[in-house]
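For this chain, numbers begin at 1 and follow the sequence in order. All values reported here derive from a predicted model rather than from experimental measurement. Only heavy atoms go into these numbers, but all of them, side chains included; no hydrogens, no water, no symmetry mates.
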Amino acid sequence: MENYPTDKIPGFRERLQKLLPSLVEHRCSEGHRGGFFLRVEMGTWMGHVIEHIALEIQSLAGMEVGYGRTRSTREKGVYNVVFAYTDEKAGIYAANTAVKIAEALIKGEDYNLEADIDKMKEICEDNCLGPSTSSIVKEAEKRNIPWMRLGNDSMIQLGYGANQIRFQATTTCKTNVLAVEIACNKKRTKEILDMAGIPVPKGTICTDEASLLNAVETIGYPLVLKPLDGNQGKGATININSWAEAVGALAFAQSISRKVIAERYIKGYDFRILVIDDKYVAAAKRIPAHVKGNGIDTIKTLIEEVNNDPRRGKGHGNVLTKIKIDRDTEEMLSKYGYTPESVPGVDEIVFLKSTANLSTGGCSVDVTEEIHPANILLTERIAKTIGLDICGIDIMAETLAEPIVENGGAVIEVNAAPGFRMHLAPTIGQPRNVAAPVIDMLYPAGKPSRIPIIGVTGTNGKTTTTRLLAHIAQNSGYKTGYTTTDGIYVNEQLLQKGDTTGPASAQYILRDPSVEFAVLETARGGMLRSGMGYDQCDIAVITNIKEDHLGLNDIHTLEDLAEVKGIVARSVKETGWAILNAEDEQCRKIAEDLDCNVAFFSLDEENEHIVKLCEQGRTVAVFENGYITIKRGNKKTRIIDVSHVPLTMGGKVKFMIANAMAATLAAYLWGFTTKQITQSLQSFAPGYEQTPGRMNLFEFRRFNVMVDYAHNPHGYSAIEDYLKNVNVKRKVGIISGIGDRRDEDITECAMIAGRMFDHVIIRQDKDLRGRSGEEINQLLVDGLNCCGRTVTHEYVEEETEAIRHAIENAEEGDFIIALTDQIVPVVS
């Protein structure tokens with residue numbers, strides 16, 4: 001549809017407006033109501049339309065979202081469409097559905113929108129966070145406490161690493177397991193409260209009609225029967241006044257639990273009091289599910305109308321629950337002499353449930369300010385007596401405005417994991433932010449929710465810099481987790497192999513409750529596919545931005561690449577630091593748009609940008625007189641002589657000096673002492689175990705072999721710079737081309753190889769990434785022929801065979817350099 005914007009599709013706007021009239025609220029770039037329809041009328045592209053449809057159908061399904069952007073790519077007719085979601089599964093469904101809707105509108109076909117809305121509601125009810133969980137998450141967000149979902153249910157982690165707290169619904173990791181068991185056993189709860197002098201209804205346990213008869217004779221009518229270990233009012237029957245009712249109620253309760261509690265029925269209203277961290281928080285009067293007659297409609301029709309309230313949903317997904325006609329409903333109606341087909345009179349209130357639980361369709365009235373101080377003290381004492389950190393107390397009484405010990409009220413139940421819906425959004429009265437005291441309890445003033453995070457990105461050197469920073473943190477006493485291109489580690493223990501530089505790997509570390517410090521290598525691919533694995537970091541390091549992966553994922557230029565890499569620096573908190581390469585033009589551009597502190601490093605102390613920064617009193621790290629030195633204006637702090645840093649191979653490898661400098665500056669600005677940094681730099685020994693694939697040198701009797709990860713022109717140039725200082729008989733290189741790189745990148749790598757090697761062995765990757773082996777090899781040969789010197793070459797297709805061939809044919813004094821991204825099999 002690239003050649004058919006919306007103004008060229010006859011009737012498109014009218015059909016869109018008829019199907020989705022609520023899109024009139026989308027202001028779009030016009031900035032006013034109806035702005036999006038104006039854009040459609042003027043002419044816009046289908047990606048933009050799909051964005052707005054995807055947002056709107058989510059909103060119609062009860063998932064309020066608003067952010068969306070659509071941008072063209074460099075490929076004609078291809079667009080990147082971005083939009084927010086509440087639930088990922090529902091968001092993906094919305095994406096697919098938006099395309100289908102657009103296609104139907106283009107063709108002028110009818111479309112059944114309601115079916116999709118219902119499906120998304122169903123997905124949300126199965127996957128979205130419930131009101132209680134969502135309220136705690138939102139309160140955490142207000143306080144800048146990070147969170148992540150653990151699995152697909154309501155298990156949530158607040159905070160990172162060693163400072164995390166977990167909760168599910170309103171059960172926290174501080175909730176006492178024994179207290180939950182007590183609360184779930186109604187008989188035990190009553191016994192404990194009774195012993196504490198707290199008013200509870202007189203009651204006993206029934207298991208059959210004989211014990212039920214004994215309960216009737218002992219307690220008398222009216223009675224309440226409910227399952228011993230039930231919840232949410234399931235299986236309960238109240239105000240029983242005859243033996244026939246009692247027998248039926250026993251059978252109903254035993255459908256939930258064999259043991260049934262029988263107790264005296266307390267007249268009055270059903271109140272729920274919420275106590276958090278032993279402090280009274282809120283109170284609500286619960287009203288059983290009911291309808292109000294109009295003299296025309298049946299009770300069944302009235303229920304359907306009530307259920308149409310958008311606040312009502314299935315289960316606990318909404319602030320109110322839909323009313324179902326069940327056994328309890330039919331028994332309640334029979335007391336009125338009604339059936340679901342009966343028509344109640346005008347303004348007649350017909351109660352449909354015997355209990356006032358919100359889970360059965362009840363509603364609530366906030367009475368937080370009406371509770372008597374004596375009842376507040378009583379409920380706080382109850383929570384302490386049972387031992388619950390978040391405690392819901394059910395009281396039957398005529399009012400809470402006077403002490404229940406005086407007005408005949410009683411404590412009916414104590415609930416672990418009480419729902420917050422009735423307090424967050426009461427049907428009548430003031431909403432209460434009951435999530436705030438939960439966060440106050442979980443993260444009292446002064447308790448941190450985060451751990452230090454250093455994010456590292458760049459084109460080359462990021463893995464070595466990450467490992468070095470992790471080594472400094474670990475040597476300084478922190479339990480350190482870090483992610484790299486070869487695996488996930490916690491304190492040098494490899495937990496997962498592979499290229500683990502995406503958001504899932506970062507969250508792996510941040511979920512680990514033992515980790516006190518995180519150093520996260522962050523690659524472009526993961527950011528483009530799935531975003532960041534963390535919301536903000538303390539320090540960001542960008543080693544450099546060079547030609548690599550260009551032409552992929554709509555990243556065609558260094559400026560494009562810098563926009564992606566810059567995300568890591570833009571995630572630094574305001575008081576944190578971005579560590580950037582002063583010699584890199586793109587890094588300098590990134591610095592212009594940052595809100596955090598910025599510091600630069602450079603191998604050249606006389607670099608014009610470094611000189612200017614020093615004149616401004618800014619913080620820099622430079623390589624001066626053989627030392628890594630940190631300068632602030634005219635003040636110099638020499639950290640270490642690079643000849644004492646094993647990573648630099650006696651100060652001969654410039655790019656390793658740069659990596660060490662970036663890590664040193666980041667560590668220094670985070671707050672590590674110069675002694676901690678110096679000792680760590682001296683003890684960080686390069687090699688296959690510590691820095692796999694980073695200039696791993698293997699010495700044989702007659703020749704040496706080096707394995708390195710260099711895979712782009714900048715990486716090849718770094719190896720070339722090192723080899724200039726290596727005096728050997730013959731330098732043999734093993735290289736390959738990467739199929740999804742640009743022609744010029746493959747050719748340039750081969751050209752550099754031709755300059756630094758005397759003989760080249762051309763191999764092939766297992767994955768040719770969309771090209772033929774012949775095409776890649778030809779580009780490599782073209783590059784070798786343009787290197788400006790004569791260099792021999794041969795083909796050995798399989799990588800390990802190429803290594804074996806080079807070793808078997810090595811001469812005395814040869815130096816073999818294998819450039820590969822398959823480090824383990826090559827070394828093995």
Side-chain angles (χ1 to χ4, degrees), residues 1-9 12-13 15-17 19-31 34-107 109 111 113 116-117 119-120 123-124 127-128 502-503 524-533 549 551-557 559-561 563-564 566-567 570:
M1 301 300 295
E2 177 66 13
N3 297 320
Y4 295 92
T6 51
D7 63 325
K8 293 186 178 181
I9 306 172
F12 184 86
R13 178 187 186 261
R15 293 194 292 273
L16 176 61
Q17 190 163 358
L19 183 67
L20 287 163
S22 51
L23 281 170
V24 72
E25 301 298 336
H26 290 218
R27 294 172 173 264
C28 204
S29 57
E30 299 300 313
F36 172 63
F37 281 138
L38 179 60
R39 288 289 306 278
V40 172
E41 190 171 331
M42 295 168 59
T44 190
W45 277 264
M46 209 49 62
H48 186 207
V49 173
I50 287 165
E51 168 208 324
H52 281 267
I53 293 175
L55 290 170
E56 185 59 21
I57 60 178
Q58 288 184 88
S59 295
L60 292 173
M63 296 171 281
E64 291 298 329
V65 289
Y67 180 87
R69 293 290 185 274
T70 299
R71 295 290 182 267
S72 60
T73 67
R74 290 175 186 261
E75 185 178 349
K76 185 178 174 69
V78 176
Y79 292 78
N80 285 322
V81 180
V82 176
F83 62 87
Y85 62 81
T86 297
D87 173 73
E88 183 175 4
K89 189 174 180 181
I92 291 171
Y93 187 91
N96 291 320
T97 299
V99 174
K100 292 177 183 176
I101 291 171
E103 289 174 340
L105 290 170
I106 290 165
K107 297 174 184 177
E109 298 174 347
Y111 192 88
L113 184 62
D116 286 319
I117 301 300
K119 179 62 177 179
M120 280 194 289
I123 293 171
C124 185
N127 297 287
C128 290
R524 59 173 288 287
M527 286 189 280
L528 288 170
R529 285 190 300 271
S530 306
M532 298 280 281
H549 297 95
L552 300 175
N553 301 111
D554 200 38
I555 306 300
H556 297 276
T557 66
E559 288 74 18
D560 292 341
L561 188 58
E563 185 68 23
V564 179
I567 293 171
R570 292 194 290 274

Arg74 CZ: over 12 foreign heavy atoms closer than 6.0 Å:
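Enclosed: over 12 neighbouring heavy atoms sit under 6.0 Å from CZ of Arg74.
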More than 12 heavy atoms of other residues, nucleotides or ligands under 6.0 Å from CD of Glu88: yes or no?
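For Glu88, atom CD is not crowded (no more than 12 foreign heavy atoms under 6.0 Å).
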Determine, stepwise, if the pair Val49 / Met1 fulfils side chain to side chain contact (heavy atoms under 4.5 Å, CB included).
CA-CA 12 Å; Val49 173; Met1 301 300 295; over 6 Å; no
Using a strict cut-off of less than 4.0 Å between a Lys/Arg side-chain nitrogen and an Asp/Glu carboxylate oxygen, indicate whether Glu563 and Arg570 qualify as a salt bridge.
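Counted as a salt bridge, because a side-chain N and a carboxylate O are separated by less than 4.0 Å.
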Nearest 0.5 Å please: distance from the [atom1] atom of [X] over to the [atom2] atom of [Y].
X: Leu20; Y: Ile53; atom1: CG; atom2: CD1; value: 6.0 Å
X: Leu38; Y: Glu30; atom1: CG; atom2: CD; value: 4.5 Å
X: His52; Y: Leu23; atom1: NE2; atom2: CG; value: 8.0 Å
X: Ile567; Y: Met527; atom1: CD1; atom2: CE; value: 5.5 Å

A side-chain contact here means heavy atoms from C-beta on lying under 4.5 Å apart; do [X] and [Y] qualify?
X: Ile123; Y: Asp87; value: yes
X: Leu105; Y: Ile9; value: no
X: Thr97; Y: Tyr111; value: yes
X: Gln17; Y: Arg13; value: yes
X: Leu16; Y: Thr6; value: no
X: Ile106; Y: Met46; value: yes
X: Ile92; Y: Tyr85; value: no
X: Phe36; Y: Leu55; value: no

Side chain to side chain contact (heavy atoms under 4.5 Å, CB included) for Lys76 and Asn3? Distances and angles first, verdict last.
CA-CA 10 Å; Lys76 185 178 174 69; Asn3 297 320; 4.2 Å; yes
Assess the residue pair Leu60 and Glu56 against the criterion (side chain to side chain contact (heavy atoms under 4.5 Å, CB included)); give the C-alpha distance rounded to whole Å, side-chain angles, the decisive distance to 0.1 Å, and a yes or no.
CA-CA 6 Å; Leu60 292 173; Glu56 185 59 21; 3.9 Å; yes
Which pair of non-hydrogen atoms, one from [X] and one from [Y], has the smallest distance, and what is that distance?
X: Ser530; Y: Pro503; result: CB-CG, 3.5 Å
X: Ile57; Y: Met120; result: O-CE, 3.3 Å
X: Arg39; Y: Ser29; result: NH1-OG, 2.7 Å
X: Pro21; Y: Phe37; result: O-CE1, 4.1 Å
X: Ala102; Y: Ile50; result: CB-CG1, 4.0 Å

Working for side chain to side chain contact (heavy atoms under 4.5 Å, CB included), residues Phe83 and Gln58:
CA-CA 11 Å; Phe83 62 87; Gln58 288 184 88; 3.5 Å; yes
Got a sec, which residues hit disulfide bond (SG atoms under 2.5 Å apart) with Cys28, two or more places apart in sequence or on another chain?
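Partners of Cys28 by the disulfide bond (SG atoms under 2.5 Å apart) criterion come out as none, since no residue qualifies.
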In terms of side-chain heavy atoms, does Glu2 have a donor or acceptor partner in Tyr79 at a distance below 3.5 Å?
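Checked: Glu2/Tyr79 side chains pair up, N/O donor to acceptor below 3.5 Å.
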Is it the case that the side chain of Asp560 and the backbone of Thr557 share a donor-acceptor pair, with hydrogens and angles ignored and the cut-off at 3.5 Å?
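Yes, because the side chain of Asp560 sits within donor-acceptor range (under 3.5 Å) of the backbone of Thr557.
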Look at the side chain of Thr73 and the backbone N and O of Val78, then say whether any donor-acceptor pair between them is shorter than 3.5 Å.
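Yes; judged by distance alone, with no hydrogens or angles, the pair exists.
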